[in-house]
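A quick note: this is a predicted structure, and the numbers were derived from the prediction, not measured.
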Amino acid sequence: MKCFKAIFFCVIALMAIACRRSDSGVLERLDRAEALVMTDADSAMTSLLEIEPKRVRGREDRARYQLLMAMARYRLNDYSCPAADSLITIAVDYYTDRPDPVSLMKALFLRADLRYRNIEYTEAMDDALHATEIAEKVADYDWKARSAEQIADLFAVTQNFSEALPYIEKAIGYYRAAGKERNVRFALCDKAVALERINHTDESIALLDSLILLSQSNEIDTILMADCLRVQYPILIDNKRWEEGKDRLIMLQRLNLSDEFLSAEYSYLARVYAKDGKISEAKECLQTAKNMILSDYDKHIYFNALVELYKFMDDSESLIQATKDNQKALYHSLREILKQSTLAANGRYYQDKVNLKISEQRRMKRLTVAIVFFLLLTIFIIVYFFHQRILIKNLEIETKIAETISLSKRLAQANRSLSDVTENLSSQLEQTRQSLTDVTDSLSSEIESLFREQWNLLNQIAYQYFESSSDSLKKNLVLDEFKKQLRKLQSKNNMLAIEEMVNKYMSGIMTLLKQECPDLKDEDYKLILLNFAGFEPRTMCLFLDIKLKTFYTKRQRLIQKISERNPTHLELFRSKLM
């Protein structure tokens with residue numbers, strides 16, 4: 001059992017390590033790159049280059065990182081990474097086993113593009129056909145157009161233009177549906193190439209003429225115009241339409257693009273000069289073309305122009321040698337192109353699909369049988385385990401039931417005794433609580449009465465003062481006595497002490513008043529405090545230096561003010577002020 005637990009926890013730990021994700025910084029940069037890669041490839045590449053590859057963890061994040069990196073390179077036309085093919089394969093392998101057909105389609109498309117650049121046309125066609133099939137089911141019009149265009153390029157590079165043309169037509173339709181009119185025009189340029197190669201020369205030239213006119217309308221599209229001119233001038237010159245071909249070459253030269261004439265363009269220009277009898281200019285163009293040769297195709301065009309030149313010069317010996325060299329260059333060019341058959345790849349792709357489907361069905365059958373067997377075995381083990389557990393639990397339950405019955409009887413007896421005791425205690429507690437309530441009320445009244453009686457001396461002096469109004473001598477004596485007692489009370493500390501006593505013996509009545517009527521004046525609070533403390537009206541008149549009639553008026557107004565504010569303890573305040 002311990003061994004099984006150890007193995008189980010090891011498997012869980014390995015799964016957790018394998019499934020861990022990259023940190024939040026990496027994921028944020030991947031999200032930003034994904035949002036920008038199709039619109040701002042430079043910014044997307046910058047975000048991706050900020051990520052250290054070792055920080056990209058987990059198969060999902062690594063596949064996503066390589067897919068975005070390949071897309072950014074594709075958009076930037078950057079094929080400088082020597083390991084790009086193997087890196088994008090990481091994404092292809094991951095998304096092949098995942099329910100994410102759009103990402104798989106993009107990964108296959110990008111790997112096909114890399115293999116196309118590496119002249120691996122058969123492998124590129126495998127990926128391109130697979131990507132196109134997925135694109136037809138799940139992708140938007142833009143990716144459908146790109147996938148169809150990629151297959152057309154692969155057929156075209158191997159000189160299968162009759163097979164390329166339907167895919168070009170598809171790409172044109174998809175780009176038009178996606179609203180990408182400029183891409184439509186470039187695809188139409190590819191269509192013109194295919195039409196010329198299947199001997200629809202006039203249609204090809206007419207299409208290119210219309211595209212050149214479109215590129216000049218509104219804002220001139222120099223890139224589209226240059227592409228159309230580079231396609232059209234060889235067709236015109238090869239078909240002996242020398243002046244038109246020369247015009248197209250001159251238009252191309254006047255575009256002032258950053259890239260200069262290519263080797264093939266100098267070779268064709270040399271043919272035009274040779275036809276016009278400008279032998280020295282033709283030789284100069286051919287020398288320049290020779291120095292710029294980059295491929296077997298450039299060699300073939302160069303030797304073809306050289307043959308034309310020697311024909312016009314009537315130099316038979318040089319013509320024979322140039323013809324041999326031209327045939328040799330053409331042979332090497334065709335051998336490189338035709339040694340990989342895209343048509344064979346097409347058939348092999350669909351055969352592989354059938355074989356893959358059959359093997360997948362067999363694998364699913366074996367997997368289903370294994371899962372069913374495992375589930376049955378697991379169910380048997382679980383049922384046997386729970387059956388044993390139930391038997392043990394039954395014995396334990398029977399024992400517990402017997403103990404419970406015995407305990408229940410004892411508890412019932414104890415409950416009856418406890419119920420009697422509880423009833424007696426409840427009755428006694430209720431009587432005690434009632435007695436305490438009566439005593440508390442009585443004590444509160446007595447304490448308040450005693451507190452208020454402490455000012456009897458001052459009240460008597462004030463009473464004598466007002467009663468002796470006719471006897472000024474007696475009045476002065478009373479007033480002197482009152483002032484002695486008053487000076488003791490009028491200090492701030494004594495007033496605070498009186499307020500504390502009022503709150504203490506009258507349940508915090510002053511605190512309640514200040515909380516519920518906070519906008520009264522200090523003089524109002526003072527009069528109310530003396531009233532609450534038990535001072536008689538005459539005493540308060542002497543204390544506040546006001547007339548008795550004024551006192552009653554002020555007190556009445558205070559009661560009215562407090563009533564207007566409608567405090568919670570209004571009745572308490574009114575009862576203590578009256």
Side-chain angles (χ1 to χ4, degrees), residues 38-42 74-79 109 113 116-117 140-157 161 164-198 200-239 241 243-266 268-269 294 297-298 301:
M38 295 303 291
T39 56
D40 187 359
D42 283 318
Y74 164 73
R75 297 288 294 170
L76 295 170
N77 204 26
D78 176 10
Y79 296 95
F109 173 88
D113 182 65
Y116 168 79
R117 304 286 175 175
D140 56 21
Y141 285 118
D142 182 39
W143 277 102
K144 286 179 181 177
R146 290 173 187 274
S147 299
E149 197 171 40
Q150 186 178 63
I151 293 179
D153 290 342
L154 284 163
F155 277 124
V157 79
F161 289 98
L165 193 56
Y167 286 98
I168 295 172
E169 295 284 6
K170 274 188 178 182
I172 292 168
Y174 288 141
Y175 276 133
R176 188 161 282 135
K180 295 195 169 186
E181 193 58 35
R182 190 163 184 260
N183 295 75
V184 170
R185 293 175 184 178
F186 281 104
L188 285 168
C189 187
D190 292 338
K191 180 181 177 180
V193 175
L195 287 171
E196 190 274 332
R197 296 302 174 89
I198 59 174
H200 293 183
T201 306
D202 292 337
E203 188 179 348
S204 173
I205 293 171
L207 179 56
L208 290 166
D209 283 336
S210 63
L211 287 171
I212 291 168
L213 286 173
L214 279 172
S215 68
Q216 293 172 321
S217 61
N218 299 329
E219 191 174 337
I220 296 176
D221 189 342
T222 54
I223 296 175
L224 175 62
M225 186 186 293
D227 276 7
C228 292
L229 291 172
R230 284 196 171 104
V231 170
Q232 193 181 45
Y233 79 78
I235 300 173
L236 293 168
I237 294 172
D238 287 340
N239 285 276
R241 296 166 67 166
E243 290 304 320
E244 292 176 75
K246 183 179 178 181
D247 289 342
R248 293 312 189 199
L249 276 168
I250 291 169
M251 285 179 67
L252 182 60
Q253 205 167 24
R254 287 175 180 171
L255 284 178
N256 293 323
L257 297 174
S258 58
D259 52 336
E260 298 178 354
F261 263 18
L262 304 174
S263 173
E265 286 152 10
Y266 279 111
Y268 274 102
L269 189 59
L294 297 174
Y297 173 75
D298 289 342
I301 299 299

message = Quick check against the 3.5 Å criterion: does S147 have a side-chain atom that pairs as donor or acceptor with the backbone of K144?
response =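 No, because the side chain of S147 does not come within donor-acceptor range (under 3.5 Å) of the backbone of K144.
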Treating R75 as the side-chain partner and M38 as the backbone partner, does any N or O pair qualify as donor plus acceptor under 3.5 Å?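 Yes, R75 side chain to M38 backbone: donor-acceptor pair under 3.5 Å.
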Could you measure the distance from the [atom1] atom of [X] to the [atom2] atom of [Y]? Nearest 0.5 Å is fine.
| X | Y | atom1 | atom2 | value |
| --- | --- | --- | --- | --- |
| F161 | D190 | CZ | CG | 9.5 Å |
| E196 | L207 | CD | CG | 12.5 Å |
| E203 | K191 | CD | NZ | 6.0 Å |
| I212 | M251 | CD1 | CE | 5.5 Å |
| L236 | L229 | CG | CG | 10.0 Å |
| H200 | L165 | NE2 | CG | 8.5 Å |

Check: Quick one: are I168 and V193 in side-chain contact, heavy atoms under 4.5 Å?
Finding: no
Residue pair R176 / I172, side-chain heavy-atom distance below 4.5 Å = yes
If you compare all heavy atoms of [X] against all heavy atoms of [Y], which two are closest, and at what distance to 0.1 Å?
| X | Y | answer |
| --- | --- | --- |
| A171 | A148 | N-CB, 4.0 Å |
| F109 | W143 | CD2-CZ3, 3.6 Å |
| D142 | A178 | N-CB, 4.0 Å |
| I220 | Q216 | CG1-O, 4.0 Å |
| S204 | A192 | OG-O, 2.6 Å |
| I235 | L208 | CD1-CD1, 4.1 Å |

Report the residues that fulfil side chain to side chain contact (heavy atoms under 4.5 Å, CB included) with D78, sequence neighbours left out, ordered by chain and then residue number.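 D78: side chain to side chain contact (heavy atoms under 4.5 Å, CB included) contacts with R73, L76, S80.
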Taken in chain and number order and not counting sequence neighbours, the residues that satisfy side chain to side chain contact (heavy atoms under 4.5 Å, CB included) with D227 are F186, C189
Discussion item. Applying side chain to side chain contact (heavy atoms under 4.5 Å, CB included) to R182 and I223, what does each step give before you reach the verdict?
Written reply: CA-CA 11 Å; R182 190 163 184 260; I223 296 175; 3.8 Å; yes
Discussion item. For Y175, run the side chain to side chain donor-acceptor pair (under 3.5 Å) check against E149, E181, K180 and tell me which one passes.
Written reply: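 For Y175, the side chain to side chain donor-acceptor pair (under 3.5 Å) test succeeds with only one of E149, E181, K180, which is E149.
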*Partners meeting ring-ring contact (aromatic ring centres under 6.0 Å, His included) with Y268 (sequence neighbours left out)*: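 Result, ring-ring contact (aromatic ring centres under 6.0 Å, His included) vs Y268: Y233.
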Evaluate the criterion side chain to side chain contact (heavy atoms under 4.5 Å, CB included) for residue pair C228 and L224; output intermediate values, then yes/no.
CA-CA 6 Å; C228 292; L224 175 62; 4.0 Å; yes
Task: Stepwise side chain to side chain contact (heavy atoms under 4.5 Å, CB included) check, M225 with T222 - done: CA-CA 5 Å; M225 186 186 293; T222 54; 5.5 Å; no
message = With a 4.0 Å cut-off on N to O distance, would you call R146 and D140 a salt bridge?
response = no
Worked check of salt bridge (Lys or Arg N to Asp or Glu O under 4.0 Å) between D247 and R241: CA-CA 10 Å; D247 289 342; R241 296 166 67 166; over 6 Å; no
